[in-house]
2 protein chains.
Amino acid sequence: MPTQTFFNLPEDKRERLIAGAMKEFSSKSLNDACISNIVKNAKISRGSFYQYFEDKKDLYFFLIGKFRYNSHNLMLKSFQEKNGDFHEGYKLFSEKYIKYIMESEKFGFFENMYLHMSYQINREVRVDFKGTDSQLPKAKRIVDVVNRDNIKVNTENDLLEILKYILSMLNDTIMEGFWKELSVKDTQDLFIKRLEWIIYGIAISNKKEEEI
Amino acid sequence: MPTQTFFNLPEDKRERLIAGAMKEFSSKSLNDACISNIVKNAKISRGSFYQYFEDKKDLYFFLIGKFRYNSHNLMLKSFQEKNGDFHEGYKLFSEKYIKYIMESEKFGFFENMYLHMSYQINREVRVDFKGTDSQLPKAKRIVDVVNRDNIKVNTENDLLEILKYILSMLNDTIMEGFWKELSVKDTQDLFIKRLEWIIYGIAISNKKEEEI
DNA sequence: ATTAAATATGACAACTTGTCATATTATGCT
DNA sequence: AGCATAATATGACAAGTTGTCATATTTAAT
């Protein structure tokens, strides 16, 4: 987390630092990027940098948090728009999500992020499912807007696990999209294919029907 | 790839280098590890290192290749033992695979590998599905030992895609296991739960039965 | 105006990496 | 054997990085 000093900074200087960092992280991975370049880009002194951030990672995770899609809201809206239908809702969410990431003006940043995504980074782009990150009273929980009638879940926790798992699959698919330089459309299609495997199963039916 | 010089080395020296590197990579990630320590561990000169390997990554990927499970053979055997049954075969494979990784004396190495696994590293632990990596004439293709009667695949390519996807899911699950410090058993169970989602689907049946 | 707190700065030690001229060892040939 | 040539080994080195710290500057508070 950045220090309070960073947030107290005159906007001009703060933005310069952010821009300088984004420039560096757009062409390099977290590991290849270096603070020397960032402070050079931003025209601030090296000593100052360490007054704002603990280290390179600290800054990087701050930027991820700053620029990541508000996927919680997007997911809520998507499920609501599709009346809670699992398949349609997740599909709509994924299409918008993928489009946002892969057509962003921050393409380079996201590309490097996904190509070098480890479990630690993965956690940073997770959705707050239970949640109410934002203190808005209207904020709803995603588990409340998903219609459970058509899916094999008993408890809220089952649903949560599935939602989380599919989200991690979505991120993996985006990673694959960047790696193989797939188009937005192809990445979306790849995700949807996998989503359908998970929803409808790959087994030919009635071999084993899970207890409902 | 290591140079020929490396393979020409007297076994003693070569093993010293490998051991020195494993020591470093067992307590540090690829990025935190440094060549200085490795050559110090191995008691070889810095200059020599660069005669064998291009850089740290080159050595790292060599080690992954050297110590990774021969998953191709394990998968073949597992499916054969279960008469090609998709569910049972993959389950058996995953149980042995997870056990190997998580109970290996190279635990630290694998732990760091999984915790910092990016797409590039992920590729290194993939199975050669089509494959006959080994030139052994007996080597069979995995797609030939899977019984397709109970699964919704039309083409060999469909099957390949599903096999690959589930393998990447397996690796993600192992990653999660390391991150959350799950036991071998819990990691196996987590994988199997997800495997069953994919095989039997999470939808309550006959909502949409895919074309066979 | 004076003092204390907050912020800024760049020189610095400690550490990396990859290279290269030089030294050593091995190999092949007569 | 003796000599030439190729292969291998070595550590000093330039160039780069990181995080710190004593010092300078700015801001705020009385």
Side-chain angles (χ1 to χ4, degrees), chain A residues 1-64 109 112 116 118 120-121, chain B residues 1-64 109 112 116 118 120-121:
Chain A
M1 281 290 290
T3 61
Q4 190 53 46
T5 310
F6 176 70
F7 294 110
N8 294 341
L9 242 37
E11 195 176 323
D12 158 60
K13 191 173 184 180
R14 197 172 54 241
E15 288 303 322
R16 231 165 53 224
L17 180 47
I18 291 175
M22 286 304 283
K23 184 177 174 196
E24 179 72 354
F25 288 126
S26 292
S27 60
K28 300 204 184 81
S29 72
L30 172 58
N31 297 299
D32 292 340
C34 74
I35 295 173
S36 303
N37 286 334
I38 293 172
V39 298
K40 212 181 301 166
N41 288 343
K43 294 190 177 61
I44 65 165
S45 73
R46 182 169 193 79
S48 287
F49 178 91
Y50 286 96
Q51 207 119 26
Y52 312 141
F53 297 96
E54 225 171 278
D55 55 19
K56 199 172 47 167
K57 268 191 184 176
D58 193 22
L59 166 57
Y60 191 66
F61 288 128
F62 165 71
L63 293 174
I64 289 182
F109 178 76
N112 277 300
H116 298 88
S118 61
Q120 192 183 6
I121 296 181
Chain B
M1 281 291 290
T3 59
Q4 189 52 47
T5 309
F6 176 71
F7 294 110
N8 293 341
L9 240 40
E11 194 175 322
D12 158 61
K13 191 172 185 181
R14 196 172 55 240
E15 289 304 322
R16 230 165 55 223
L17 181 46
I18 291 175
M22 286 304 284
K23 184 178 174 196
E24 179 73 355
F25 288 126
S26 292
S27 61
K28 298 205 186 80
S29 72
L30 172 57
N31 296 298
D32 293 339
C34 75
I35 295 173
S36 303
N37 286 335
I38 294 171
V39 298
K40 212 181 299 164
N41 288 344
K43 293 190 177 62
I44 64 165
S45 74
R46 180 167 194 80
S48 286
F49 178 90
Y50 286 97
Q51 206 120 25
Y52 313 142
F53 296 96
E54 227 172 276
D55 54 20
K56 198 172 49 167
K57 268 192 183 176
D58 192 21
L59 167 57
Y60 191 66
F61 288 128
F62 165 71
L63 292 173
I64 289 181
F109 177 76
N112 277 300
H116 298 87
S118 62
Q120 191 183 6
I121 296 182

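Note that the structure is a prediction, hence the values are computed from the model and not measured. Letters A, B, ... mirror the listed sequences (proteins, then strands); counts begin at 1.
In this structure, CD of A:Gln51 is placed 12 Å from C1' of D:dC21, rounded to the nearest angstrom. Atom pair B:Tyr52:OH and D:dA9:C1' shows a separation of 7 Å (rounding to whole Å applied). Rounded to whole angstrom, the span from the NZ atom of B:Lys43 across to the C1' atom of D:dT10 amounts to 17 Å. Distance CZ (B:Phe53) to P (D:dT8): 14 Å, rounded to an integer number of Å.
Contact check for B:Tyr52 versus B:Leu59: no side-chain heavy atoms found under the 4.5 Å cut-off.
A distance-only check finds a donor-acceptor pair linking the side chain of B:Lys56 to the backbone of B:Leu30 [under 3.5 Å].
Considering only residues two or more places apart in sequence or on other chains, A:Lys40 meets the side chain to side chain donor-acceptor pair (under 3.5 Å) condition with none of them. Residues passing the side chain to side chain donor-acceptor pair (under 3.5 Å) test with A:Asn37 are A:Glu24, sequence neighbours excluded. Scanning for side chain to side chain donor-acceptor pair (under 3.5 Å) contacts around B:Ser48 gives B:Ser45, with sequence neighbours left out. Every residue two or more places apart in sequence or in another chain was checked for a side chain to side chain donor-acceptor pair (under 3.5 Å) with B:Glu11, and none qualifies. The side chain to side chain contact (heavy atoms under 4.5 Å, CB included) test applied to B:Ser27 returns no partner, not counting sequence neighbours. Remark: B:Lys57 pairs with no residue by the salt bridge (Lys or Arg N to Asp or Glu O under 4.0 Å) rule, at least two apart or across chains. For A:Arg16, the salt bridge (Lys or Arg N to Asp or Glu O under 4.0 Å) partners are A:Asp12, not counting sequence neighbours.
A perpendicular orientation is assigned to the rings of B:Phe62 and B:Phe6, their planes being inclined by more than 60° (bins at 30° and 60°).
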Between protein and nucleic acid, restricted to nucleotides 10-19 of chain C and to nitrogen or oxygen atoms under 3.5 Å apart, what atom pairs and distances do you find?
from: C:dT17; atom 1: OP1; to: B:Ile35; atom 2: N; distance (Å): 2.9
from: C:dT17; atom 1: OP2; to: B:Ser36; atom 2: N; distance (Å): 3.3
from: C:dT17; atom 1: OP2; to: B:Ser36; atom 2: OG; distance (Å): 3.0
from: C:dG18; atom 1: OP2; to: B:Tyr50; atom 2: OH; distance (Å): 2.4
from: C:dG18; atom 1: N7; to: B:Arg46; atom 2: NE; distance (Å): 2.9
from: C:dG18; atom 1: N7; to: B:Arg46; atom 2: NH2; distance (Å): 3.3
from: C:dG18; atom 1: O6; to: B:Arg46; atom 2: NE; distance (Å): 3.3

Between the protein and nucleotides 28-30 of chain D, are there any N/O to N/O pairs under 3.5 Å, and if so, what are the atom names and distances?
none

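Counting heavy atoms of neighbouring residues, nucleotides and ligands inside a 6.0 Å radius, atom NZ of B:Lys28 exceeds 12 of them.
Proximity of residues 5-20 of chain A to DNA chain C (heavy atom under 4.0 angstrom from any strand atom) is restricted to A:Thr5, A:Asn8, A:Leu9, A:Lys13.
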key: Protein proximity profile, nucleotides 23-28 of chain C - base contact B, sugar-phosphate-only contact S, no contact -, cut-off 4.0 Å on heavy atoms   = ------
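Residue pairs that meet the ring-ring contact (aromatic ring centres under 6.0 Å, His included) test with at least one member in residues 10-49 of chain A, sequence neighbours left out, are A:Phe25-A:Tyr60, A:Phe49-A:Phe53.
Distance check, rounded to the nearest 0.5 Å: CG of B:Asn8 to NZ of B:Lys13 gives 12.0 Å.
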